[in-house]
There are 2 protein chains.
Amino acid sequence: MRVTYRGDYALKVVLALALNYGKDVVTIHELAKRIDAPIKFLEQVLLDLKKGGFVESRRGKMGGYRLARPPGNITVGQVIRFIDGPTEPISCVRNGYSSCGDMYKCVFRKVWQDVAKTTSDIIDNVTFEALAFEADSEQEVLVYSI
Amino acid sequence: MRVTYRGDYALKVVLALALNYGKDVVTIHELAKRIDAPIKFLEQVLLDLKKGGFVESRRGKMGGYRLARPPGNITVGQVIRFIDGPTEPISCVRNGYSSCGDMYKCVFRKVWQDVAKTTSDIIDNVTFEALAFEADSEQEVLVYSI
DNA sequence: GTATACTCTACTATGTTAGTAGAGATAGTC
DNA sequence: GACTATCTCTACTAACATAGTAGAGTATAC
């Protein structure tokens, strides 16, 4: 798998919203500042995340974004697959076709399937609740270390 | 990680040469036919593999390619990293810098480091000796099943 | 009704990928 | 020594993906 800037911003902005879960909405402007992303680019990412059912928005004055679901119900795998596409390292595994009769493909496909599986085992089990918890500790450390 | 056609051909051609290890050299033309790759494209890949010390060649009539080292000493990880570059999913992990002070980067970097590690654990432990053994069995099955 | 903030479409610059083309160098064979 | 098969090397190109930028449009609070 390869994580693009788009995917990276998506993960960061979902985390930013997870850290704000239960509170009021946050504007794109504020989110862009927090995660250090170009505002117009983040706009598009947020629009996609909305289509994917990850975030919801309110327009107009006092508008902004918030998570559409509890952070515990959103995983890194869900977000990155939705934004950056399949995480499998090669197309024959991405498409998941089963028997090819070509030994050159077959022996490597097994390797790539293993990689895909261990990758999924990780990214599908990291929720934004866990990440938000980690980020909170991180922040505390920073505060106390000043 | 993402495996390109270039990387895919590289792995296949090394396997083809591993299956021929100890015997005579094989021409690009023959290799291209066996792994079903565009001959001029494979040329470039083989040239790279030579620079990487994976294969060696003989010019002129009766020329061709063979493995430069025993198949047991070549891993999938070595070949794919040399041809397609680093396998880490994101640049901050690829470059391996240690402390960033940015919580948004830090919490995700741990995830990507885990992914990179499990990926390496797989691809760095698959040798072309093992793959050639698998491919041989595969071939036998095909022969007997006709 | 006006300011603020989200929505949507289009455009662009840059880099990567997957090739293709063709001239050049080398080594066997007649 | 010419011929031919084969590897070597550089340059070029078409198509696509990435990382933005630009600007007009729409909804909502006050």
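We name chains A, B, ... by the order of the sequence lines, and we start the count at 1 in each one. Computed from a predicted structure; not experimentally measured.
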Query raised in the report: For dG20(D), does either OP1 or OP2 sit under 4.0 Å from a side-chain N or O belonging to Tyr9(A)?
Result: yes

Query - Interface with DNA chain D, restricted to residues 43-56 of chain B and to heavy atoms under 4.0 Å - result: Glu43(B), Gln44(B), Leu47(B), Lys50(B)

Query - Atom-to-atom span, CZ of Arg59(A) to P of dC30(D) - whole angstrom - result: 18 Å

Requested in this report: Report yes if a side-chain nitrogen or oxygen of Thr4(B) is closer than 4.0 Å to either non-bridging phosphate oxygen (OP1 or OP2) of dA18(C); otherwise report no.
Outcome: yes

Query raised in the report: For Phe41(B) and dT8(D), what is the distance between atoms CZ and P respectively, to the nearest whole Å?
Result: 17 Å

Query raised in the report: Would you call Glu56(B) and Arg66(B) a salt bridge, using N to O less than 4.0 angstrom?
Result: yes

**Report entry** Whole angstrom value for the distance that separates C1' of dC7(D) from CG of Leu17(B)
**Finding:** 14 Å

**Report entry** Neighbour count above 12 (heavy atom, 6.0 Å) for Glu129(A) CD
**Finding:** no

Report task. Ignoring the backbone of Tyr5(B), work out which of dG19(C), dG28(C), dC6(C) is nearest its side chain. Result -> dG19(C)

Query raised in the report: Does a side-chain N-to-carboxylate-O contact under 4.0 Å join Lys117(B) and Asp124(B)?
Result: no

Requested in this report: Over all heavy atoms of both residues, which pair between Arg58(B) and Asp24(B) is shortest? Give the atoms and the distance, please.
Outcome: NH2-OD1, 3.8 Å

**Report entry** OP1 or OP2 of dT8(D) under 4.0 Å from side-chain N/O of Ser57(B)
**Finding:** yes

Query raised in the report: Counting only heavy atoms not in Phe133(B), do more than 12 fall under 6.0 Å of its CZ?
Result: no

Query raised in the report: What is the distance from CD1 of Ile83(B) to P of dT16(C), rounded to the nearest Å?
Result: 16 Å

Query raised in the report: Which ones in residues 61-69 of chain A lie close to DNA chain D, meaning a heavy atom under 4.0 Å from one of its atoms?
Result: Lys61(A), Met62(A)

Report task. Evaluate the side-chain proximity of Phe128(A) to Leu11(A): yes if any heavy-atom separation is below 4.5 Å, no if none is. Result -> yes

Report task. Mark yes when over 12 heavy atoms from residues, nucleotides or ligands other than Tyr5(A) sit less than 6.0 Å from its OH; otherwise mark no. Result -> no

Query raised in the report: Between Asp84(B) (CG) and dT17(C) (C1'), how many Å, whole number?
Result: 10 Å

**Report entry** Asp36(A), CG atom: more than 12 neighbouring heavy atoms under 6.0 Å
**Finding:** no

Query - Separation of atom NZ in Lys40(B) from atom C1' in dG24(C), rounded to whole Å - result: 11 Å

Requested in this report: Take the protein atom CD1 of Ile39(A) and the nucleotide atom P of dA5(C), then report the distance between them rounded to whole Å.
Outcome: 10 Å

Query - Nearest-nucleotide comparison on DNA chain C, the residue closer to the 5′ end among Arg58(B) and Pro38(B) - result: Pro38(B)

**Report entry** Salt-bridge contact Arg6(B)-Asp48(B) (side-chain N to carboxylate O under 4.0 Å)
**Finding:** yes

Report task. Let me know the distance between CD of Glu30(A) and C1' of dT4(C), rounded to the nearest Å. Result -> 15 Å

Query raised in the report: Do the non-hydrogen side-chain atoms of Thr119(B) and Met1(B) ever get within less than 4.5 Å of each other?
Result: yes

Query - Minimum heavy-atom distance between Ser120(B) and Arg81(B), given as atom pair plus value - result: OG-NH1, 3.7 Å

Query raised in the report: Are the side chains of Leu67(B) and Phe54(B) in touch, meaning some heavy atoms are under 4.5 Å apart?
Result: no

Query raised in the report: Which dot-bracket notation, 5' to 3', represents the base pairing of DNA chain D when pairs are defined as Watson-Crick or G-U with both distances under 3.5 Å, crossing pairs as [ ], and inter-strand pairs as |?
Result: ||||||||||||||||||||||||||||||

